[in-house]
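Just follow the structure's listing: the first ligand is 1, and inside any ligand the first atom is 1. Every heavy atom of this structure was used, including side-chain atoms; hydrogens, water molecules and symmetry mates were not.
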Amino acid sequence: MKINEYLEKVKSKEISVVKTVEKILQEAKNSPNHFTAISRSYALEQAEKIEKNPEGRLAGLPISVKDGVCVKNIESSAGSEILKNYRPPFSATVINKLEKEGAIIIGKTSQDEFGFGGFSVNTKKIPKNPHDLARSCGGSSGGAAGFTSFATQPHIALGESTGGSIANPASFCGVAGLTPTYGLVSRYGLIDYANSLDKIGTIAKTVSDAFLGLYHIAGYDEKDSTSLPQKMLQEKKVKKIAVIKESLNVDKEIKDIILSKLKNYDTISLPSIKKYSLPAYYLIALSEASTNLAKYCGLRYGQTLPLQGGYNEFFTEVRSKYFSKEAKRRIILGTFARMSGFRDAYYLKALKARTLIIKEYKKAFKKYDILVSPTMPVTAPKFSEIEKLSPLENYMMDILTVGPNLAGLPHLSLNAGFKNKLPVGIMLTANHLEEEKLRALGEEVEND
Ligand code: GLN
């Protein structure tokens, strides 16, 4: 059943919200590690209220929330051991907005610790891909995309992307993942990875459902200093599209699937994006991440230990015990890039490269409405294959998604077909605030 159909039936009381929520809670429980917390009694309580009085434009719609987005009184640990048992005393703006429209929060989905990763393996509860349980859901919003593919009941997932964490798992799980323009959706209540890059977005079975979610979470928020006062533009006409030449340097079958989805297109070369986006992204993201993680020192949030020794000893003990190996690696790399003596050569250089990348995109958008590429260079890898990747090989998997994220551009990944029964995602990128163009072309590709 389409979400809109379900919402109408809830309004006319032709369908039971309680039964729908009971079914999806059961699916959440049975899902292969997609959830870190299930808010069963809270969801059922809401469902009963809404069934009696279906008020709001999303009345009765189940929503799953990536663990890093705070929900009041529900454990929100961003996939990290250091935040275990943290129950925020408040909800993120996106949650308040959805609940005001009658949506029902069913639980928190598993992710890489703080968003650090592309396969959701950097965490305790590793979500498995419904298309093949030996494979990754992608990441870092792995649980969100995995459950979207797994669930049979109406549902929208909230995800978060810093460098591709919505598009990547959407591609690996064969669902639609929508990352909005930076600043369009409030980050208030999102546990930070890298503030200048983080964006909350939606994952759903169809493009229109992903947009339905976005319409309800977008909008200015005075609690977020980078929130945009502007709204999404309404222009839907997609006149010219271009495939990014460098992105076709992938497996031939993936390339053919992507191109078979397009009718009229040009090819465009974006050399600076290919050359600089990955190093610039990892320098900026990790510099910001390393400062953000400084606040987890055992005093204010999450895990702590008995107070012993001096401040430095205590602080070191807590952080050594509860941060994962990947978080530690990122703290070291990020701190190094910001250190006096290295700052000019790394962090500030990366900021310059970011400006160059934005300019290259802006030039392309003077001529084209949408840029197209595969979302990922591969299909969902096996866990046994991921174990063999070096940290650098891990980071290189993000080669196609970091560009639009660095530039804050909206992008949509949707299923384009299958290679050996595994989903292949196509990624559409538009200029700032031109999400509606993504919707227009996305729906065309989807209905093809
Ligand atoms: N894989 C990328 C990283 O590890 C992107 C993660 C994200 O978008 N949260 O940084």
Side-chain angles (χ1 to χ4, degrees), residues 65-69 77-80 109-123 126-127 136-145 157-172 177-180 182 185 187 190-203 277-293 323-334 337 350 354 375-378 380-381 386 389-413 425 427 429:
V65 183
K66 185 174 181 176
D67 197 21
V69 178
S77 69
S80 172
T109 51
S110 44
Q111 61 163 95
D112 284 295
E113 178 176 23
F114 293 108
F116 300 161
F119 302 109
S120 299
V121 294
N122 297 326
T123 190
I126 299 174
S136 162
C137 286
S140 60
S141 311
L158 287 185
E160 174 277 339
S161 174
T162 307
S165 279
I166 291 176
N168 158 336
S171 168
F172 285 165
L178 175 58
T179 311
Y182 178 80
V185 174
R187 286 186 294 118
L190 170 69
I191 298 172
D192 301 312
Y193 168 172
N195 313 45
S196 80
L197 292 153
D198 297 344
K199 299 154 297 284
I200 296 177
T202 53
I203 301 179
S277 60
L278 210 52
Y281 169 77
Y282 273 96
L283 283 166
I284 294 168
L286 302 198
S287 295
E288 293 184 26
S290 64
T291 63
N292 279 326
L293 295 185
F323 277 138
S324 70
K325 194 169 165 195
E326 184 59 27
K328 287 175 191 156
R329 177 181 293 122
R330 291 181 183 223
I331 291 171
I332 292 171
L333 287 170
R354 184 183 203 172
T375 308
M376 297 300 289
V378 294
I386 297 167
L389 295 177
S390 70
L392 201 59
E393 284 168 334
N394 247 288
Y395 300 169
M396 279 164 66
M397 289 288 179
D398 300 328
I399 179 77
L400 302 174
T401 59
V402 286
N405 280 280
L406 267 176
L409 296 166
H411 51 288
L412 170 70
S413 175
M427 189 169 78
T429 302

Are Glu160 and Thr162 close enough, and set up right, to give a side-chain hydrogen bond (donor to acceptor under 3.5 Å, both in side chains), and what steps lead you there? CA-CA 7 Å; Glu160 174 277 339; Thr162 307; 2.5 Å; yes
Which heavy atom of the protein is the closest neighbour of atom 3 (C) of ligand 1, given with residue, atom name and distance? Tyr282 OH, 3.3 Å
Who's the nearest protein heavy-atom neighbour of atom 5 (C) of ligand 1, and how far? Tyr281 OH, 3.4 Å
In this structure, atom 2 (C) of ligand 1 is nearest to the protein heavy atom Asp398 OD2, 3.1 Å
Check the angle between the aromatic planes of Phe172 and Phe119 and answer parallel, tilted or perpendicular using the 30° and 60° thresholds. parallel
Specify whether Tyr395 and Tyr282 have parallel, tilted or perpendicular ring planes, treating 30° as the upper limit for parallel and 60° as the lower limit for perpendicular. parallel
Measuring from non-hydrogen atoms of Arg330 to any atom of ligand 1, is the shortest distance under 4.0 Å? yes
Identify which of Ser165, Ala285, Gly68 has a heavy atom lying nearest to atom 7 (C) of ligand 1. Ser165
If you measure every N/O of Lys66 against every N/O of ligand 1, is any gap under 3.5 Å? no
Can Glu160 be said to touch ligand 1, with heavy atoms closer than 4.0 Å? yes
Determine, considering heavy atoms only, which of Phe116, Tyr395, Tyr193 sits nearest to atom 10 (O) of ligand 1. Tyr193
If the contact criterion is a heavy-atom separation under 4.0 Å, does Phe114 count as touching ligand 1? no
Taking atom types as modelled, is there a side-chain donor on Lys199 or Thr179 under 3.5 Å from an acceptor on the other? no
Taking both backbone and side-chain atoms of Gly117, is any N or O found less than 3.5 Å from an N or O belonging to ligand 1? yes
CG/Asn168 to CE/Met427 distance, rounded to the nearest 0.5 angstrom? 10.5 Å
